[in-house]
Protein chains: 2
Amino acid sequence: MKLFKAEEYIDQLSIDSVIFGYKNKELKVLVAKVHFEGDFWSLPGGFIYKEEGTDLAAARILEERTGLRDIFLEQYRVFGQEGRSNNVLFENLLNVPKSDFFTKEDFKWLSQRFVSIAYYALVEIDRVKLSKGVFDEKVEWVDYKKLPNLIMDHSLMVEHALETLRLNFDRKLIGFNLLPETFTMRELKELYEAVYDKPFARNNFQKKMLDLNVLERLEKKYTGAANKAPYLYRFKH
Amino acid sequence: MKLFKAEEYIDQLSIDSVIFGYKNKELKVLVAKVHFEGDFWSLPGGFIYKEEGTDLAAARILEERTGLRDIFLEQYRVFGQEGRSNNVLFENLLNVPKSDFFTKEDFKWLSQRFVSIAYYALVEIDRVKLSKGVFDEKVEWVDYKKLPNLIMDHSLMVEHALETLRLNFDRKLIGFNLLPETFTMRELKELYEAVYDKPFARNNFQKKMLDLNVLERLEKKYTGAANKAPYLYRFKH
DNA sequence: GCAAAAGTGTTTGGCATACACCCATGT
DNA sequence: ACATGGGTGTATGCCAAACACTTTTGC
């Protein structure tokens with residue numbers, strides 16, 4: 001059965017997404033090991049139906065991989081260098097047992113030069129139910145500092161996404177998309193430290209956050225530790 | 001003779017550019033009156049050859065219209081809503097005496113839903129030698145506050161371009177691309193006032209600019225006016 | 001001398017950083 | 001009592017905005 005229908009998509013145009021998650025004080029990126037010879041990893045991506053809006057396409061692709069809807073998702077750049085293609089990868093693939101999903105023509109289509117619209121997304125990592133894409137051997141959350149070899153310009157895509165994330169983090173208050181509903185000030189600070197890769201002063205950080213007037217203070221969180229119990233906070237919608 | 005060859009371009013993908021210029025204390029945008037029935041104006045745009053880099057395509061299109069090379073030019077956003085097409089315009093065109101340049105199939109191709117990569121450019125307005133595009137009745141520099149009816153989402157494109165311009169104006173020191181080689185501090189201030197649409201305090205503006213350490217002070221400029229002669233400045237490469 | 005515009009200095013206020021202290025909690 | 005981490009208050013320094021004054025130029 002043939003599942004992939006190249007003729008339904010716009011030619012030479014793709015979407016790639018840098019999906020950020022946060023756990024264990026690490027800012028993580030979702031990457032997939034490509035099911036080909038060699039150690040190739042890739043960002044989750046896909047294609048755009050001929051009449052589909054690009055934002056909708058990106059949301060669809062995100063949902064296919066994570067199961068999540070209504071997630072923070074924003075385009076940040078187009079990568080459209082001349083010669084930008086996967087041909088080496090797909091030529092490799094032709095010597096590998098292939099899926100029934102694809103015809104030789106599909107591989108030719110996939111090997112073209114592609115212009116890719118890059119999106120970045122922020123997700124609460126524990127809500128994600130990962131699904132593999134058709135080309136994926138496995139998908140994993142990886143600390144952005146320890147990324148494996150990414151295909152094509154995907155490393156550059158992560159770099160630019162991180163840059164954009166940092167620029168917008170405060171301005172658009174998007175960081176809360178990475179945290180669960182409630183959190184302590186310490187947890188919020190550790191998120192900032194992971195994103196900016198630098199320490200923040202505890203007292204000044206707290207003041208700055210409270211001065212934003214977007215946090216709602218809830219009850220205290222008794223952890224059983226031998227110290228003062230921290231307050232829980234919630235982001236005011 | 002047929003000049004337009006749709007089959008050489010990527011399908012359903014286009015480039016549109018917001019080209020900014022500055023003159024008479026006004027920030028201007030280059031727009032073209034489309035050569036169809038009715039009062040339709042459009043941003044300069046074009047298409048991408050199948051193997052052409054997007055930045056190169058944008059530069060090529062810019063050069064076709066302005067005669068300028070090596071100009072500040074940057075992509076800032078993709079406009080790819082579902083239903084984004086020129087079909088109304090081109091259906092109109094079919095009832096109008098048409099050029100030999102296009103076949104009926106070309107018009108069909110042009111009427112598809114398009115995803116457009118938007119660029120913004122900054123040019124020194126006096127160096128520009130304007131050329132009309134194939135669809136243009138005329139091209140003009142228009143104050144961004146007095147733009148005519150633009151087709152499709154081109155008004156939105158200008159809005160976003162202006163937003164991006166303002167965000168990057170200081171950070172990337174790109175304003176100098178709008179001015180001639182040498183200029184007075186007053187002229188620079190007036191440029192800032194046109195871009196941000198608000199007044200700047202003379203003394204503080206001067207201090208801020210000089211503190212950037214990117215301006216070279218040249219000789220004085222004697223205008224013949226009954227007041228102190230201002231210095232000329234040049235942007236250090 | 002005078003009007004007009006340029007150049008520069010001084011004061012003020014807000015905000016980020018640094019330093020310091022007190023409070024709650026469990027052993 | 002005390003160690004640990006949480007919460008908050010105060011002092012410092014920088015930068016932008018506001019205010020003020022002097023200088024140059026042509027009539």
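Within every chain, numbering begins at 1; the chains are lettered A, B, ... in the order of the sequence lines, protein sequences first and strands thereafter.
Straight-line distance from the CZ atom of A:R186 to the C1' atom of C:dT25: 15 Å, rounded to whole Å. In this structure, A:K189 atom NZ and D:dG5 atom C1' are separated by 11 Å, rounded to whole Å. Whole-Å rounding puts the A:N204 CG to C:dC15 C1' distance at 10 Å. Between B:F205 atom CZ and C:dG7 atom C1' there is a gap of 15 Å when expressed in whole angstrom units. The distance between atom CZ of A:F200 and atom P of C:dA16, rounded to the nearest whole Å, is 12 Å. Computed from coordinates, the A:M209 CE to C:dA16 P distance equals 10 Å when rounded to whole Å. The distance from atom CG of A:L212 to atom C1' of C:dC15 is 13 Å, rounded to the nearest whole Å. Across the protein-nucleic acid pair, B:R202 atom CZ and D:dA20 atom P stand 14 Å apart, rounded to whole Å.
Every residue two or more places apart in sequence or in another chain was checked for a ring-ring contact (aromatic ring centres under 6.0 Å, His included) with A:Y144, and none qualifies. Under the rule for a ring-ring contact (aromatic ring centres under 6.0 Å, His included), the partners of B:F176 that lie at least two apart in sequence or sit in another chain are B:F183, B:F235. Scored by the side chain to side chain donor-acceptor pair (under 3.5 Å) test, A:N213 finds no partners at all (sequence neighbours excluded). Under the ring-ring contact (aromatic ring centres under 6.0 Å, His included) criterion, A:Y231 pairs with no residue, sequence neighbours left out. Legend: residues meeting ring-ring contact (aromatic ring centres under 6.0 Å, His included) with B:F114, ordered by chain and number and at least two apart, are B:F47, B:W109.
Distances shorter than 4.0 Å separate none of the side-chain N or O atoms of A:Q206 from OP1 or OP2 on D:dG6.
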Candidate pair B:D197 and B:L27, rule side chain to side chain contact (heavy atoms under 4.5 Å, CB included), full reasoning: CA-CA 9 Å; B:D197 194 26; B:L27 182 67; over 6 Å; no

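Within 4.0 Å (heavy atoms only), B:K208 reaches no atom of the nucleic acid at all.
Between the side chains of B:Y192 and B:D170, at least one donor N or O lies within less than 3.5 Å of an accepting N or O.
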Contact pattern, 5' to 3', of nucleotides 22-27 of chain D - B, S or - by protein heavy atom under 4.0 Å: -BBBB-

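Judged by distance alone, with hydrogens and angles left aside, B:K207 brings a side-chain donor or acceptor within reach of the base of C:dT10, the pair sitting under 3.5 Å.
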